[in-house]
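Below: the structure, in structure tokens.
Heads up: numbering here begins at 1 and tracks the sequence. Just so it is clear, the values below take in all heavy atoms, side chains as well, and ignore hydrogens, waters and symmetry mates.
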Amino acid sequence: MLKLIRLELRKNKFNFLKSVLIADLAILGFMILIAFTSLNEGEFSSYPDLFDGVFVFVKAIYIIFASVLLSKLVIDEYKNNTITVLFMYPVPRKMLLTAKLIIVFVFTFLSIFLSDIVISSILTGVDYFVPATIQGMLTQDLILTHLMKAGTDALYAAGMGLIPLYFGMRRKSVPATIVTAIFIVMLISSGFGSFRMGNLIGVSLSLALVGAGIAYLSIRNIEHQDVA
């Protein structure tokens, strides 16, 4: 499986680091604009609010990013019928698709988790040099809580990122894949005040399980799918 993953990465010539860096710089710039130019409006006035805000933007960006990867790795292959060439390899179809989905899942999880930690750390560092920007103390308990929440939320989001696979495979359509991801982001980001649907563990876990179920069924049924 690891060999298949390495071959897939080499074949598509992914430059993950550059893409992640660009996305994170955009998120960081936007967060600084909001957090440090709206002091009188109460935007991200505490560390928990700041951390939640960072995660909302990071999660939204990388769930959509996951749909782009799914489009490139899976949907385009079916749409252009190049998947038939891969299926001629002496490797089970299930293993080929599993390798592709593992790439998407792991990339999404690591990108969200690491980006959340890095951006949050930079923002708290900026706050150190701009006193009275964020109220409250940054305690060790708060940091540990944030790390645990970032890990579990990144896991849920990585599962959500697989949901667009169903609609993309059904229509063999890249736009359908990406639009589905946008709708998911809109759903989990909806709410009022500091409340968002994505903050409910039940909602996040349910969507993550749906994504995992879609991936499992796609892998299980691929042997019987017509790729023509």
Side-chain angles (χ1 to χ4, degrees), residues 19-67 105-163 181-212:
S19 301
V20 169
L21 181 60
I22 293 173
D24 286 354
L25 286 175
I27 296 171
L28 178 62
F30 189 68
M31 287 296 299
I32 290 176
L33 181 65
I34 295 177
F36 301 106
T37 61
S38 305
L39 303 181
N40 297 326
E41 298 177 11
E43 293 287 346
F44 309 127
S45 57
S46 67
Y47 284 107
D49 287 343
L50 178 68
F51 295 154
D52 285 342
V54 170
F55 189 75
V56 167
F57 289 112
V58 169
K59 180 167 57 175
I61 291 294
Y62 286 107
I63 287 178
I64 296 174
F65 210 132
S67 71
F105 182 88
V106 172
F107 170 80
T108 307
F109 172 78
L110 291 178
S111 296
I112 291 176
F113 180 71
L114 295 177
S115 296
D116 183 46
I117 299 304
V118 170
I119 293 175
S120 296
S121 299
I122 293 175
L123 289 174
T124 54
V126 171
D127 179 64
Y128 178 80
F129 295 101
V130 186
T133 301
I134 302 175
Q135 304 300 319
M137 295 290 294
L138 184 61
T139 64
Q140 184 177 2
D141 288 341
L142 182 59
I143 293 174
L144 291 175
T145 299
H146 175 58
L147 288 173
M148 293 177 61
K149 187 175 186 300
T152 54
D153 285 349
L155 188 64
Y156 296 151
M160 296 178 204
L162 297 174
I163 294 177
I182 294 174
F183 275 118
I184 293 171
V185 168
M186 292 173 61
L187 172 64
I188 61 178
S189 300
S190 62
F192 53 89
S194 60
F195 169 78
R196 292 181 179 83
M197 290 292 291
N199 290 337
L200 298 175
I201 295 178
V203 173
S204 295
L205 179 58
S206 297
L207 289 175
L209 291 175
V210 169

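Side-chain N or O atoms of Ser190 include one that pairs as donor or acceptor with a backbone N or O of Leu187 at under 3.5 Å. Without hydrogens or angle criteria, Ser67 side chain to Ile64 main chain gives a donor-acceptor distance under 3.5 Å.
Of all non-hydrogen atoms in Gly211 and Leu162, the two that sit nearest each other are O-CB, 3.6 Å.
Side-chain contact check for Tyr62 versus Asp24: some heavy-atom pair is nearer than 4.5 Å. Residues His146 and Ser120 meet the side-chain proximity criterion, which asks for heavy atoms closer than 4.5 Å. Between Phe57 and Ile119 the shortest side-chain heavy-atom distance does not fall below 4.5 Å. Side-chain contact between Phe51 and Asp116 is absent, with no heavy-atom pair separated by less than 4.5 Å. Counting only heavy atoms from C-beta outward, the side chains of Tyr47 and Thr139 never approach each other to under 4.5 Å. Here the side chains of Ser204 and Met160 are in contact, with some heavy-atom distance below 4.5 Å. Contact of the Ile63 side chain with the Ile188 side chain is registered, since non-hydrogen atoms from C-beta on lie closer than 4.5 Å.
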- [ ] Apply side-chain contact (heavy atoms from CB on, under 4.5 Å) to the pair Val185 and Ile61, showing each step before the final yes or no.
- [x] CA-CA 9 Å; Val185 168; Ile61 291 294; over 6 Å; no

Task: Worked check of side-chain contact (heavy atoms from CB on, under 4.5 Å) between Phe65 and Thr108 - done: CA-CA 8 Å; Phe65 210 132; Thr108 307; over 6 Å; no

Task: Candidate pair Val58 and Phe113, rule side-chain contact (heavy atoms from CB on, under 4.5 Å), full reasoning - done: CA-CA 9 Å; Val58 169; Phe113 180 71; over 6 Å; no

Open item on the list: The test is side-chain contact (heavy atoms from CB on, under 4.5 Å); show your working for Ser189 and Val56 and say whether it passes.
Closed with: CA-CA 7 Å; Ser189 300; Val56 167; 4.3 Å; yes

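Sorted by first then second residue, the salt bridge (Lys or Arg N to Asp or Glu O under 4.0 Å) pairs that include residues 140-152, not counting sequence neighbours, are Asp52-Lys149, Lys149-Asp153.
Atom-to-atom distance recorded for Ile27:CD1 and Ile22:CD1 is 12.0 Å, nearest 0.5 angstrom. One distance of note links OG1 of Thr124 with CG of Leu50; it measures 7.5 Å at 0.5 Å rounding. How far OG1 of Thr145 is from CD of Gln140: 10.5 Å, rounded to the nearest 0.5 Å. Note that CG of Leu28 is 5.0 Å distant from CD1 of Ile122, once rounded to the nearest 0.5 Å. Separation of atoms CD1 (Ile117) and CG (Leu147) is listed at 4.5 Å; rounding is to 0.5 Å.
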